[in-house]
Amino acid sequence: MLTPDECLSFLKMQMDRFLETDPDKQDEFGDPVETIARLSFDVSRGESLVEKDVRQINFDLYAETFRENHTVSSSPSCDGQNESVDGEQHEILRPSSCDGLSKSNISDNFFCFVEYKNGNIVAYDQKTGVYTIKQKPAQEIERKLNDSAYMLECDGVISAEVLGRHFGVIVVVRDERVQRQKDCMVSVGPNPLLMHIQDSVREFKLHKGISASEPRYSWVKIMTVSQFTEVYLPFLEDARKSVN
């Protein structure tokens with residue numbers, strides 16, 4: 001098991017090796033360390049959700065690396081689902097994954113997955129004043145959270161205990177889908193990345209009911225682009241520094 005401080009360098013090393021064997025994947029998935037503008041790019045809209053040059057670990061590329069590493073007859077997946085039959089090689093589906101992964105630059109050994117959602121996925125309950133993610137995209141995000149955790153645990157990068165203590169998740173949504181209020185951070189979870197900033201005014205939930213994936217992490221927060229770029233992004237370390 002790696003120490004938390006070794007995680008990002010290990011992920012980049014795995015992706016570098018993968019691209020050496022299949023360089024064409026770089027055109028499809030990008031570099032192991034990518035800009036947020038690239039990671040948040042929406043092909044259907046032809047634009048990035050967050051136009052920032054800060055780099056993050058490209059976790060979509062890691063998911064493809066994971067799929068390739070576990071698609072061999074001699075290397076079954078963690079739960080045995082990929083074991084060979086009659087000596088044949090069997091592919092596994094690429095796990096669903098969060099877009100980016102960063103290290104906090106103010107909290108020792110704390111990491112944050114970030115998922116960028118450019119579509120119209122926000123629902124608002126006028127009776128309760130609570131924002132939620134619509135059912136289908138919420139289910140997709142749930143899978144991303146579960147699969148991202150699974151890959152790290154399966155590859156021996158971290159344990160479930162480390163995930164719960166040292167990893168948070170940010171889901172970034174379009175500003176116009178949420179009413180902006182002064183000094184408001186919409187959030188889920190009791191332990192903010194910035195311990196001195198208090199949550200206020202509105203609550204933003206992944207589901208109306210109970211989330212299966214959120215308890216695996218230290219916290220899960222859903223916020224607008226402006227909240228992310230103004231409040232959180234300055235405290236996420238550029239991945240170029242994290243892996244050096």
Side-chain angles (χ1 to χ4, degrees), residues 1-43 47-69 94-95 97-118 144-145 147-149 151-152 155-158 162-163 165-172 192-195 217-219 221 223 225-244:
M1 194 70 62
L2 301 176
T3 64
D5 212 28
E6 298 170 325
C7 291
L8 300 191
S9 293
F10 173 81
L11 298 180
K12 182 178 182 299
M13 179 184 69
Q14 293 288 92
M15 290 184 282
D16 284 339
R17 289 177 177 175
F18 170 61
L19 291 177
E20 287 175 3
T21 62
D22 194 350
D24 291 340
K25 291 293 185 181
Q26 195 164 10
D27 294 333
E28 182 179 357
F29 291 97
D31 295 321
V33 175
E34 270 292 357
T35 65
I36 288 176
R38 170 70 185 264
L39 296 176
S40 68
F41 185 77
D42 187 324
V43 176
E47 63 182 16
S48 298
L49 181 63
V50 182
E51 290 284 358
K52 295 292 183 180
D53 289 331
V54 177
R55 264 68 169 183
Q56 294 182 301
I57 292 294
N58 182 351
F59 211 72
D60 283 338
L61 176 59
Y62 185 73
E64 181 64 14
T65 302
F66 179 92
R67 185 196 67 79
E68 182 67 21
N69 287 345
R94 184 172 74 84
S97 53
C98 295
D99 294 313
L101 176 61
S102 295
K103 180 181 179 181
S104 166
N105 62 18
I106 60 169
S107 300
D108 289 341
N109 294 329
F110 198 90
F111 302 85
C112 192
F113 279 113
V114 184
E115 174 66 17
Y116 302 100
K117 304 304 292 184
N118 210 347
K144 288 174 180 287
L145 268 57
D147 285 4
S148 295
M151 285 185 280
L152 293 182
D155 276 350
V157 180
I158 59 171
V162 169
L163 183 79
R165 293 176 57 187
H166 295 276
F167 281 74
V169 180
I170 293 174
V171 180
V172 184
L193 176 64
L194 312 179
M195 298 302 293
Y217 292 87
S218 178
W219 47 257
K221 290 181 176 291
M223 63 189 66
V225 172
S226 56
Q227 290 164 336
F228 173 64
T229 57
E230 294 168 15
V231 179
Y232 277 81
L233 184 56
F235 299 97
L236 296 180
E237 186 173 87
D238 191 299
R240 290 172 294 186
K241 180 179 179 181
S242 305
V243 298
N244 289 335

Got a sec, which residues hit side chain to side chain donor-acceptor pair (under 3.5 Å) with K117, two or more places apart in sequence or on another chain?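 Partners of K117 under the side chain to side chain donor-acceptor pair (under 3.5 Å) test: none.
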Which residues pass the side chain to side chain donor-acceptor pair (under 3.5 Å) test with K241, sequence neighbours left out?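 Not a single residue meets the side chain to side chain donor-acceptor pair (under 3.5 Å) criterion with K241.
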Suppose we screen for side-chain contact (heavy atoms from CB on, under 4.5 Å). Which residues come up paired with D27, at least two apart in sequence or across chains?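 Scan of D27 (side-chain contact (heavy atoms from CB on, under 4.5 Å), adjacent residues dropped) gives none.
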Only counting residues at least two apart or in another chain, list the ones meeting side-chain contact (heavy atoms from CB on, under 4.5 Å) with S97.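 S97 satisfies side-chain contact (heavy atoms from CB on, under 4.5 Å) with F59, D60, A63, R94, S148, M151 only.
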Looking only at non-hydrogen atoms, find the nearest pair between E237 and S242 and report the distance.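 Shortest heavy-atom separation between E237 and S242 comes out as OE1-OG, 2.6 Å.
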Contact summary for L8 and V243, nearest pair of heavy atoms: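 Of all heavy-atom pairs spanning L8 and V243, the closest is O-CG1, 3.8 Å.
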Does [X] use its side chain to pair, donor to acceptor, with the backbone of [Y] at less than 3.5 Å?
| X | Y | result |
| --- | --- | --- |
| H166 | F110 | no |
| T229 | S226 | yes |
| R165 | L163 | no |

Sub-4.5 Å side-chain heavy-atom contact between [X] and [Y]:
| X | Y | answer |
| --- | --- | --- |
| D99 | V114 | no |
| L233 | K52 | yes |
| F18 | L61 | yes |
| S9 | E6 | no |
| E115 | I170 | no |
| F228 | Y116 | yes |
| N118 | E47 | yes |

So for atom NZ, which belongs to K25, do other residues, nucleotides or ligands contribute more than 12 heavy atoms lying within a distance under 6.0 Å?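 Count over threshold, so yes.
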Without placing hydrogens or testing angles, list every side-chain donor-acceptor pair under 3.5 Å for residues 30-41, not counting sequence neighbours.
{"from": "D31", "atom 1": "OD1", "to": "Q26", "atom 2": "NE2", "distance (Å)": "2.1"}
{"from": "E34", "atom 1": "OE2", "to": "D31", "atom 2": "N", "distance (Å)": "2.9"}
{"from": "T35", "atom 1": "OG1", "to": "R38", "atom 2": "N", "distance (Å)": "3.1"}
{"from": "S40", "atom 1": "OG", "to": "I36", "atom 2": "O", "distance (Å)": "2.9"}
{"from": "S40", "atom 1": "OG", "to": "L49", "atom 2": "N", "distance (Å)": "3.4"}
{"from": "S40", "atom 1": "OG", "to": "V50", "atom 2": "N", "distance (Å)": "3.1"}
{"from": "S40", "atom 1": "OG", "to": "V50", "atom 2": "O", "distance (Å)": "3.3"}

Any residue meeting salt bridge (charged side-chain N to carboxylate O under 4.0 Å, His left out) with K12, in chain and number order, not counting sequence neighbours: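 D16.
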Side chain to side chain contact (heavy atoms under 4.5 Å, CB included) assessment of D155 paired with Y62: CA-CA 11 Å; D155 276 350; Y62 185 73; 2.5 Å; yes
In terms of side-chain geometry, is the basic nitrogen of E64 or R67 positioned less than 4.0 Å from the acidic oxygen of its partner?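 Here E64 pairs with R67 in a salt bridge, since their nearest N and O are under 4.0 Å apart.
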Intermediate values then yes/no, side chain to side chain contact (heavy atoms under 4.5 Å, CB included), W219 and V169: CA-CA 6 Å; W219 47 257; V169 180; 5.5 Å; no
Check the side chains of T65 and Q14 for a donor-acceptor pair under 3.5 angstrom, ignoring hydrogens and angles.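 There is no such pair (donor and acceptor under 3.5 Å, judged by atom type) between the side chains of Q14 and T65.
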Verify whether the ring centers belonging to F167 and Y217 lie closer than 6.0 Å.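 Here the rings of Y217 and F167 have centres that are no less than 6.0 Å from each other.
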Set out, in order, the CA-CA distance, both residues' side-chain angles and the distance that settles side-chain hydrogen bond (donor to acceptor under 3.5 Å, both in side chains) for Q56 and S102, then state yes or no. CA-CA 5 Å; Q56 294 182 301; S102 295; 2.9 Å; yes
